[in-house]
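Working notes, structure below.
Starting from 1, each residue takes its place in the sequence as its number.
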Amino acid sequence: MKPVVKITHGSNGWGGPLTVCETDTKKVVVSTTGGSIHPLAQKIADLLQVPVVDGFNNKVEPEEIIIAIVDCGGTLRCGVYPKMGVKTIDIHPISPSGPLAKYINEDNFVSGVKEENITLAEGEVPVPEKAAIPPDQPKKPSAASSAAETKRTEQKGIVGVMTSVGRSIGSVVNVFYQAGRDTLDVVLKNILPFMIFVSIIVGIINYTGIGNILANAIKPLAGSLPGLLIISIFCAIPFLSPVLGPGAVIAQVIGVLLGVEIGKGTIPVSYSLPALFAINSQVGCDFVPIALTLAEAEEDTVNYGVPAMLFSRLITGPAAVLIAFVFSFGLY
């Protein structure tokens, strides 16, 4: 009998418990946490006696994944694997969030997991996975409703034209109405909480005096073009960029500190545009392997594409700063 592993959420986590085991198709544990095998992934693989794969540098088909471990702060990545029907562990203690939150439920997602939350479940049977169907997906029409719809479409003349126009207008209105609902949902569940989080972090930094220390350390670099290029190269270093990327928290905090100094006049306002590109050289570096997987890229494409993108940021990051510097002439 193959071993079964039970995973529960941590003290501040959400979801689960999940029970997983090796099947005829699901053979590996995947770790997509910044280019290395996370200890949680290694422990689950050891208990299940299956290989663990670095999902950051290797492509693994969703149907082959027993469970995936990610380190998303609540943006897009936490919902990618649940959308593909793969059970997911997020090492951060988050609840369903991001644009793919509707695919996350207690049967396919658990967060805030520590090593003590992973145990060998003797005699337990894994919970069957549910299909990843959006809650707002329309139901399949019955035979009676289909017949009524066919009858309506057969109407001709003025009544038929009016019906068609009304139906078309109603469809357009429904699209915009649903888009408004989705937009409000994203703002309330993702953008506003993130803004509050960054505001709290910046408030703590400024209240404790750390902000002045960081500002004084950043000013010599942010106040000159060579300094901005150094910041851009530092953020784009391949083994740092995947770590700096999740949640964009570091870039946001540094951006606020730079904005304060620009507002004070200690940093010329003309450096604000190139500074924006300098502190964001790492954007997307944590998401590129999942993006290639979603694009159904070949395994060789993932193996070569991920390091190619990471190393290319060392060139495109500073280049973006230079271009922004040129376009900032006469802008302020």
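Looking only at side-chain heavy atoms (C-beta outward), Pro3 and Leu120 come within less than 4.5 Å of each other. Residues Asp54 and Ser31 have side chains not in contact (no heavy-atom distance under 4.5 Å, counting atoms from C-beta outward). At least one side-chain heavy atom of Asp71 sits less than 4.5 Å from a side-chain heavy atom of His92. By the 4.5 Å heavy-atom criterion applied to side chains, Val4 and Val20 are not counted as neighbours. Pro39 is listed as a side-chain neighbour of Glu115, based on a closest heavy-atom distance under 4.5 Å. Side chains of Ile44 and Ile89 form a contact here, defined as non-hydrogen atoms less than 4.5 Å apart.
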Check against side-chain contact (heavy atoms from CB on, under 4.5 Å), Leu100 and Tyr81: CA-CA 10 Å; Leu100 299 180; Tyr81 283 113; over 6 Å; no
CA sep, side-chain torsions, deciding dist, call: Val5, Thr119, side-chain contact (heavy atoms from CB on, under 4.5 Å): CA-CA 6 Å; Val5 168; Thr119 57; over 6 Å; no
side-chain contact (heavy atoms from CB on, under 4.5 Å) assessment of Ile69 paired with Ile91: CA-CA 7 Å; Ile69 293 82; Ile91 62 176; 3.9 Å; yes
Stepwise side chain to side chain donor-acceptor pair (under 3.5 Å) test for Ser270 and Ser328: CA-CA 6 Å; Ser270 59; Ser328 66; 5.7 Å; no
Worked check of side-chain contact (heavy atoms from CB on, under 4.5 Å) between Val28 and Val52: CA-CA 6 Å; Val28 299; Val52 57; over 6 Å; no
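By the rule that hydrophobic residues join a cluster once side-chain heavy atoms approach within less than 4.5 Å of another member, Leu225 and Ile231 end up as members of one cluster. In this structure, Phe329 is a member of the same hydrophobic cluster as Phe277, with clusters built from ILVMFWY side-chain heavy atoms closer than 4.5 Å. The cluster map of Ile, Leu, Val, Met, Phe, Trp and Tyr, joined by side-chain heavy atoms under 4.5 Å apart, puts Val113 and Leu47 in the same cluster. Transitive grouping of hydrophobic side chains (ILVMFWY, heavy atoms separated by less than 4.5 Å) brings Ile118 and Val110 into a common cluster. Under the 4.5 Å side-chain contact rule for hydrophobic residues, Val269 and Leu228 share a cluster.
Put simply, CD1 on Ile65 and NZ on Lys87 are 13.5 Å apart, with the number rounded to the nearest 0.5 Å. Note that CG of Leu40 and NE2 of His38 are 5.0 Å apart. Values are rounded to the nearest 0.5 Å. Atom NZ of Lys83 sits about 13.5 Å away from atom SG of Cys78, to the nearest 0.5 Å. Atom NZ of Lys43 is separated from atom CD1 of Ile7 by 10.5 Å, given to the nearest 0.5 angstrom. One distance of note links CD1 of Ile67 with OG1 of Thr19; it measures 9.5 Å at 0.5 Å rounding. Distance check, rounded to the nearest 0.5 Å: CD of Glu116 to OG1 of Thr8 gives 8.5 Å.
Across every non-hydrogen atom of Asn117 and Gly10, the tightest pair is OD1-CA, 3.6 Å. In terms of heavy atoms, Gly85 sits closest to Lys26 at O-NZ, 4.5 Å. The nearest pair of heavy atoms linking Leu48 to Cys21 is CD2-CA, 3.9 Å. The minimum heavy-atom distance linking Pro318 with Ile233 is given by the pair CG-CG1, 3.6 Å. For the pair Pro96 and Ile104, the tightest heavy-atom approach, listed with the atom from each and the gap, is CG-CG2, 3.9 Å.
Of the possible donor and acceptor atoms, one in the side chain of Ser281 sits under 3.5 Å from a partner among the backbone N and O of Ser232. Asn105 places a side-chain N or O within 3.5 Å of a backbone atom of Asn108 that can act as its donor or acceptor partner. Using modelled atom types, no side-chain atom of Arg313 and backbone atom of Cys235 make a donor-acceptor pair closer than 3.5 Å. Without hydrogens or angle criteria, Gln282 side chain to Ile279 main chain gives a donor-acceptor distance under 3.5 Å. At least one donor-acceptor pair under 3.5 Å links the side chain of Thr88 to the backbone N or O of Val86.
Every salt bridge (charged side-chain N to carboxylate O under 4.0 Å, His left out) that Glu61 has, sequence neighbours left out, goes to Lys59.
Between Trp14 and Phe109, the angle of the ring planes lies from 30° to 60°, which puts this pair in the tilted group.
Using a 4.0 Å cut-off between charged nitrogen and carboxylate oxygen, Lys27 and Glu22 count as a salt-bridge pair.
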